[in-house]
Amino acid sequence: MDKFQSYDVLRKHYRLGQDFVILTRQADSRLALMAPHGGGIEPGTVDIADAIAGSDFTFYAFKGIRKSGNRVLHLKSNRFDEPMGVAVAARAEIVMTIHGCQGREQAILVGGRRSPLKENICRYLGQAGFQARICTTKGLRGVDPENICNRFSTQGGIQLELTRGLREAMFHHLERRSLRGKTLFFFSFIKAVRQPLLEHMEALEP
């Protein structure tokens, strides 16, 4: 269970700039990449969201920077209401959120409510040699209409849950930001996810 039910309550106990930071980069795009549980909350997710976004898509991250105990900063996706993050999601036509989950297998659980795009992402990841599947695990499926990836779109968005094993294969020293380095596995993953997103957004152009 999360300790806090809203950002307003969380910020009364923990300080922006001291316990957490908020990162944003606006692009001329209708798609936004978000890491709402970044930094020490779910390690590696900020780097992944940032790289997928690149210069093509908008980027946002809520990043825990405490020396330890960052899990306390976790706000459930269907209650995530940090104002800058909500504004980013509201401006986007499609939101993809990047999350970290437990598990030693190197797997990507693809969730959200935008089914055709979900299936295409799975296909591209599979072709690149990754173990990707539509998520059926309760609590990780990302299908709640109030989930930040779905909240502002009738068709919904995409939620990627990346196992611990996968993230450890993507980084050297996953838990130590100062020593963290990206592996070839990281860059292969980014390429495999970006391609269906670029194609999907191109298809939406009038």
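Residue indices begin at 1 and follow the sequence shown.
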Pairwise side-chain contact, T45 with L162, heavy-atom cut-off 4.5 Å (strictly under): no

Smallest separation among heavy atoms of G40 and P43, with atom names: O-CD, 4.1 Å

CA sep, side-chain torsions, deciding dist, call: M96, I121, side chain to side chain contact (heavy atoms under 4.5 Å, CB included): CA-CA 11 Å; M96 172 184 275; I121 291 169; 3.5 Å; yes

Given the rule that I, L, V, M, F, W and Y join up when any side-chain heavy atoms are under 4.5 Å apart, are F186 and L174 in one cluster? yes

If Ile, Leu, Val, Met, Phe, Trp and Tyr residues are connected whenever their side-chain heavy atoms lie under 4.5 Å apart, and connections chain through other members, are L75 and V72 in the same group? yes

OG1 of T137 to CG of L109, rounded to nearest 0.5 Å, is 5.5 Å

At their closest point, which heavy atom of S77 faces which heavy atom of Q159, and how far apart are they? OG-OE1, 4.3 Å

Restricting to non-hydrogen atoms, name the atom on H99 and the atom on P36 that form the minimum distance, rounded to 0.1 Å. CE1-CG, 3.6 Å

Measuring from atom CG of L197 to atom CD1 of I52, what distance do you get when rounded to the nearest 0.5 angstrom? 7.0 Å

So, do R79 and D2 sit near enough that their side-chain heavy atoms are less than 4.5 Å apart? yes

R180 and M170, any side-chain heavy atoms less than 4.5 Å apart: no

Examine distances only and state if a side-chain atom of T183 and a backbone atom of A169 form a donor-acceptor pair shorter than 3.5 Å. yes

CZ (R104) with more than 12 external heavy atoms under 6.0 Å: yes

In plain terms, say whether R167 and E175 are close enough for a salt bridge, that is, a side-chain N and a carboxylate O under 4.0 Å apart. no

Is it the case that over 12 heavy atoms from other parts of the model lie below 6.0 angstrom from the CD atom of E202? no

For I148 and A89, work out which heavy atoms get closest and say how close. CD1-CB, 3.9 Å

When rounded to the nearest 0.5 angstrom, what is the spacing between OG1 in T154 and CD in E93? 9.0 Å

Would you mind reporting whether F171 and I48 have side-chain heavy atoms less than 4.5 Å apart? yes

Nearest non-hydrogen partners of A27 and S55, listed with the distance: CB-O, 4.0 Å

Going only through I, L, V, M, F, W and Y residues with side-chain contacts under 4.5 Å, is there a path from M34 to F20? yes

From Y7 OH over to F80 CZ, what is the distance, rounded to the nearest 0.5 angstrom? 9.0 Å

Heavy-atom donor-acceptor pair, N150 side chain to G142 backbone, under 3.5 Å: yes

Checking N78 side chain against P145 main chain: does a donor-acceptor pair fall under 3.5 Å? no

How about L16: does its CG atom have over 12 heavy atoms from other parts shown lying under 6.0 Å from it? yes

With sequence neighbours excluded, what pairs up with V9 under the side chain to side chain contact (heavy atoms under 4.5 Å, CB included) test? F4, S6, H13

Please check this pair: side chain of T97 against backbone of C149, looking for a donor-acceptor N/O pair closer than 3.5 Å. no

Among V88, L33, V46, V86, find the residue that satisfies the side-chain contact (heavy atoms from CB on, under 4.5 Å) test when tested with Y60. V88

Quick one, Q106 with F185, criterion side chain to side chain contact (heavy atoms under 4.5 Å, CB included). Give me CA distance, side-chain angles, the key distance, then yes/no. CA-CA 11 Å; Q106 296 177 4; F185 201 67; 3.6 Å; yes

Quick one: list whatever passes side chain to side chain contact (heavy atoms under 4.5 Å, CB included) with Q26, sequence neighbours left out. T58, R91

Output a table of donor-acceptor pairs, distance under 3.5 Å, between side-chain atoms of residues 124-136 and any protein atom two or more places apart or on a different chain; print 'none' if there are none.
{"from": "Y124", "atom 1": "OH", "to": "E199", "atom 2": "OE1", "distance (Å)": "2.7"}
{"from": "Y124", "atom 1": "OH", "to": "E199", "atom 2": "OE2", "distance (Å)": "2.7"}
{"from": "Q131", "atom 1": "NE2", "to": "E105", "atom 2": "OE1", "distance (Å)": "2.9"}
{"from": "R133", "atom 1": "NH2", "to": "E105", "atom 2": "OE2", "distance (Å)": "3.1"}

Just by distance, do the side chain of D19 and the backbone of R15 share a donor-acceptor pair under 3.5 Å? yes

Side chains of E82 and R11: does their closest heavy-atom pair fall under 4.5 Å? no

Answer with yes or no whether the hydrophobic clustering places M201 together with L160; edges join I, L, V, M, F, W, Y residues whose side-chain heavy atoms lie under 4.5 Å apart. yes

Say you draw a straight line from CZ of R113 to CD of Q155; how long is it, rounded to the nearest 0.5 Å? 11.0 Å

Whether R25 side chain and A53 backbone form a donor-acceptor pair below 3.5 Å: no

Single-linkage hydrophobic cluster I65~M84, side-chain heavy atoms < 4.5 angstrom: no

Heavy-atom donor-acceptor pair, R66 side chain to G69 backbone, under 3.5 Å: yes

Determine whether H200 and I94 make a side-chain contact, defined as any pair of heavy atoms from C-beta on separated by less than 4.5 Å. yes

What is the distance from atom NZ of K118 to atom CG of N120, rounded to the nearest 0.5 Å? 13.0 Å

